[in-house]
Amino acid sequence: IEKTLKLSQKLIQDRVLPDKALDILARTITRVSSTTKIVNSKEIAHEVSLITNVPEDNITQEDATKVLNIENKLKETVIGQDHALKDIADSLKRAKAGMRNENKPIGSFLFVGTTGVGKTQTAKALALNYFGDPKKMIRVDMSEYQQLDSINRLLGTPDGEHKGILTEKVRTEPFSLVLLDEIEKAHPSILLTFLQVLDDGRLTDPQGRTVSFTNTIIIATSNVGTRQIQEVFNTTQDPTKMKEVALNEVQKHFAPEFLNRFSGIIVFNPLTKENVKKIAYLLLEEVKKQASTKGITLNFKQDLVDELIKRGYNAQWGARPLERVISETVDSYLAEKILDKTFQQGAEVTIGPEIL
């Protein structure tokens with residue numbers, strides 16, 4: 001009974017006690033009556049998981065080991081941003097240990113940095129490694145909300161005719177990562193809407209319904225300070241100086257009451273050539289996996305890899321040019337050979353710079 005009260009209070013926001021707790025008990029009794037005939041806290045947690053779509057191991061705190069290892073897991077796919085990943089991991093560990101305000105999101109971060117350095121990749125990696133599924137990410141392009149009246153698309157209309165893109169997704173998937181991309185492009189009054197989310201872990205839509213964000217991680221990304229970060233990188237590559245100039249620009253652009261609501265402001269550094277080299281191997285490994293689904297074993301000559309890195313490295317644009325180069329060369333070459341049946345199931349292929 002204590003577990004029922006605790007979990008219903010924490011995870012079911014659109015109903016009230018004792019009604020929601022009694023409903024959980026009734027549902028659990030019905031489900032177990034033909035099997036164990038024992039209603040214990042584990043069965044209650046399982047029922048709440050079924051109702052809320054929150055994974056059971058997160059409800060029961062059995063994923064502590066996963067959180068302890070999350071920094072290392074993030075480093076497997078996010079290259080060159082170890083300082084940022086440590087800050088994020090430390091915040092999540094505090095949350096998992098209960099050292100956080102339960103009325104706030106699990107964590108809330110403002111990611112600042114130049115384009116293509118891993119801000120969105122970090123969000124995807126968090127969705128996978130914390131929430132267990134890369135699809136557990138609600139992505140909102142804030143550049144689409146530059147006009148004040150566009151808030152109705154975000155939160156819904158007062159007459160209920162149109163549901164809010166953000167509120168409805170969080171209502172149906174309460175255990176998710178919310179990614180607010182390019183937040184500096186949103187209308188200032190729309191940004192104020194998120195003060196309630198960051199401070200109280202909830203948002204009231206125009207119809208008066210409250211949506212809980214207490215089981216979400218919120219990440220806002222911004223390119224504010226890009227030019228200043230790049231200037232420091234081009235001269236000294238001093239990470240402390242890069243963070244200093246970035247935070248200075250962020251403070252000029254955003255109101256203090258907005259910035260103070262975040263768990264952390266994380267500055268991402270531009271990528272070095274060595275970083276891009278590691279990313280190249282990760283991207284090519286993905287190409288190998290895709291080829292293997294067609295029954296093709298794929299290998300790359302080192303001189304091809306070196307040339308791809310040479311063509312794809314751009315300190316200003318991060319990893320995006322590299323992704324484009326691999327897509328336009330390696331992916332296009334493989335697609336043509338698969339379609340004309342040169343490469344068929346069971347084939348082992350090694351490709352080199354000749355494809356360029």
- Query: Hey, mind stepping through Leu166 and Val211 against side chain to side chain contact (heavy atoms under 4.5 Å, CB included) and telling me if it holds?
  - Reply: CA-CA 10 Å; Leu166 178 61; Val211 180; over 6 Å; no

- Task: In sequence, state the C-alpha distance, the side-chain angles, and the governing distance for Val330 and Phe300, and then conclude on side chain to side chain contact (heavy atoms under 4.5 Å, CB included).
- Result: CA-CA 10 Å; Val330 177; Phe300 301 102; 3.8 Å; yes

- Can you check side chain to side chain contact (heavy atoms under 4.5 Å, CB included) on Asp19 and Leu22, steps first, answer last? CA-CA 5 Å; Asp19 176 64; Leu22 290 169; 5.8 Å; no

- Query: Between Asp23 and Arg15, does a side chain to side chain contact (heavy atoms under 4.5 Å, CB included) hold up when you go through it step by step?
  - Reply: CA-CA 10 Å; Asp23 184 49; Arg15 298 178 64 182; 2.9 Å; yes

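A salt bridge links Lys86 with Asp90: the closest approach of a Lys/Arg side-chain nitrogen to an acidic carboxylate oxygen falls below 4.0 angstrom. Comment: Lys289 does not engage Glu285 in a salt bridge, judged by the lack of any side-chain N to carboxylate O separation of less than 4.0 angstrom. A salt bridge does not link Glu323 to Arg320: none of the charged nitrogens lies less than 4.0 Å from a carboxylate oxygen. One finds a salt bridge joining Asp199 and Lys104 here, because a Lys/Arg side-chain nitrogen approaches an Asp/Glu carboxylate oxygen to under 4.0 Å. Ion pair Glu307/Arg311 flagged as a salt bridge, since at least one NZ, NE, NH1 or NH2 atom sits closer than 4.0 Å to an Asp/Glu carboxylate oxygen. Here Glu71 pairs with Lys75 in a salt bridge; the nearest charged N to carboxylate O distance falls below 4.0 Å.
For His83 (side chain) and Val267 (main-chain N/O), a donor-acceptor pair under 3.5 Å exists by modelled atom type. Checking side-chain atoms of Gln81 against main-chain N and O of Val117 turns up a donor-acceptor pair under 3.5 Å. Lys169 places no side-chain N or O within 3.5 Å of a backbone atom of Met137 that could act as its donor or acceptor partner. In this structure a side-chain-to-backbone donor-acceptor pair under 3.5 Å is present from Ser212 to Thr214. Within the 3.5 Å criterion, the main-chain N or O of Ser327 finds a donor-acceptor partner in the side chain of Ser332. Listed for the Ser91 side chain is no donor-acceptor partner under 3.5 Å among the backbone atoms of Asp87. Between the side chain of Glu354 and the main chain of Gly352, a donor-acceptor pair closer than 3.5 Å is present. Checking side-chain atoms of Asn314 against main-chain N and O of Trp317 turns up a donor-acceptor pair under 3.5 Å. Tyr313 places a side-chain N or O within donor-acceptor distance of the main-chain N or O of Leu271, the cut-off being under 3.5 Å. Asp133 places a side-chain N or O within 3.5 Å of a backbone atom of Lys135 that can act as its donor or acceptor partner.
Summarising the local packing, CD of Gln147 is surrounded by 12 or fewer heavy atoms from other residues, nucleotides or ligands at distances under 6.0 Å. Atom NZ of Lys243 sits in a sparse spot, with 12 or fewer heavy atoms from other residues, nucleotides or ligands closer than 6.0 Å. Atom CD of Glu2 has 12 or fewer heavy atoms from other residues, nucleotides or ligands within 6.0 Å. Around the NZ atom of Lys93, the shell of radius 6.0 Å holds more than 12 heavy atoms that belong to other residues, nucleotides or ligands. Crowding of Lys73 atom NZ: a count of heavy atoms from other residues, nucleotides or ligands under 6.0 Å not exceeding 12.
The two atoms that bring Ala21 and Leu5 nearest to each other are CB-CD2, 4.1 Å, heavy atoms only. Closest non-hydrogen pair, Leu304 versus Pro353, comes out as CB-N, 3.8 Å. Scanning both residues, Asn223 and Thr114, for their nearest heavy atoms gives OD1-C, 4.4 Å. Of all heavy-atom pairs spanning Phe262 and Leu110, the tightest one is CD2-N, 3.7 Å. When all heavy atoms of Glu47 and Ile24 are compared, the closest pair comes out as CG-O, 4.1 Å.
Partner Glu43 forms a salt bridge (charged side-chain N to carboxylate O under 4.0 Å, His left out) with one of Arg27, Lys37, Arg31 and no other, that one being Arg31. Test Asp181, Thr122, Thr120 against Thr221 for side-chain hydrogen bond (donor to acceptor under 3.5 Å, both in side chains) and you get one pass: Asp181.
Contact check for Leu17 versus Lys20: side-chain heavy atoms found under the 4.5 Å cut-off. Inter-residue side-chain proximity for Pro174 and Leu11 is flagged as unmet; no heavy-atom pair is nearer than 4.5 Å. Put simply, the side chain of Ile165 reaches to within 4.5 Å of the side chain of Tyr145, judged on heavy atoms. With contacts defined as side-chain heavy-atom distances shorter than 4.5 Å, the pair His162/Arg153 does not qualify. Contact check for Phe233 versus Asn269: no side-chain heavy atoms found under the 4.5 Å cut-off. You'll find the side chain of Lys273 stays beyond 4.5 Å of the side chain of Lys277, heavy atoms only. You'll find the side chain of Lys163 stays beyond 4.5 Å of the side chain of Arg171, heavy atoms only. Proximity of Glu244 to Asn248: side-chain heavy atoms (C-beta onward) are nowhere separated by under 4.5 Å.
If you take OG on Ser143 and CD on Glu184, they are separated by 9.0 Å, rounding to the nearest 0.5 Å. Taking OG1 of Thr115 as the reference point, atom CZ of Phe268 lies at 12.5 Å (rounded to 0.5 Å). Distance check: Ile190 CD1 to Glu144 CD gives 11.0 Å after rounding to the nearest 0.5 Å. If you take CG on Leu308 and NZ on Lys310, they are separated by 12.0 Å, rounding to the nearest 0.5 Å. The CD1 atom of Ile88 lies 5.5 Å from the CG atom of Leu126; values are rounded to the nearest 0.5 Å. Considering CZ of Phe109 and CG of Leu177, their distance stands at 9.5 Å, rounded to 0.5 Å.
Between the side chains of Ser108 and Ser263, at least one donor-acceptor pair of N or O atoms lies under 3.5 Å.
Classified by interplanar angle (parallel below 30°, tilted 30° to 60°, perpendicular above 60°), the ring pair Phe258/Phe254 is tilted. Taking the six-membered ring where the residue is Trp, Phe131 and Phe175 present perpendicular rings, their angle passing 60° and hence far from 30°.
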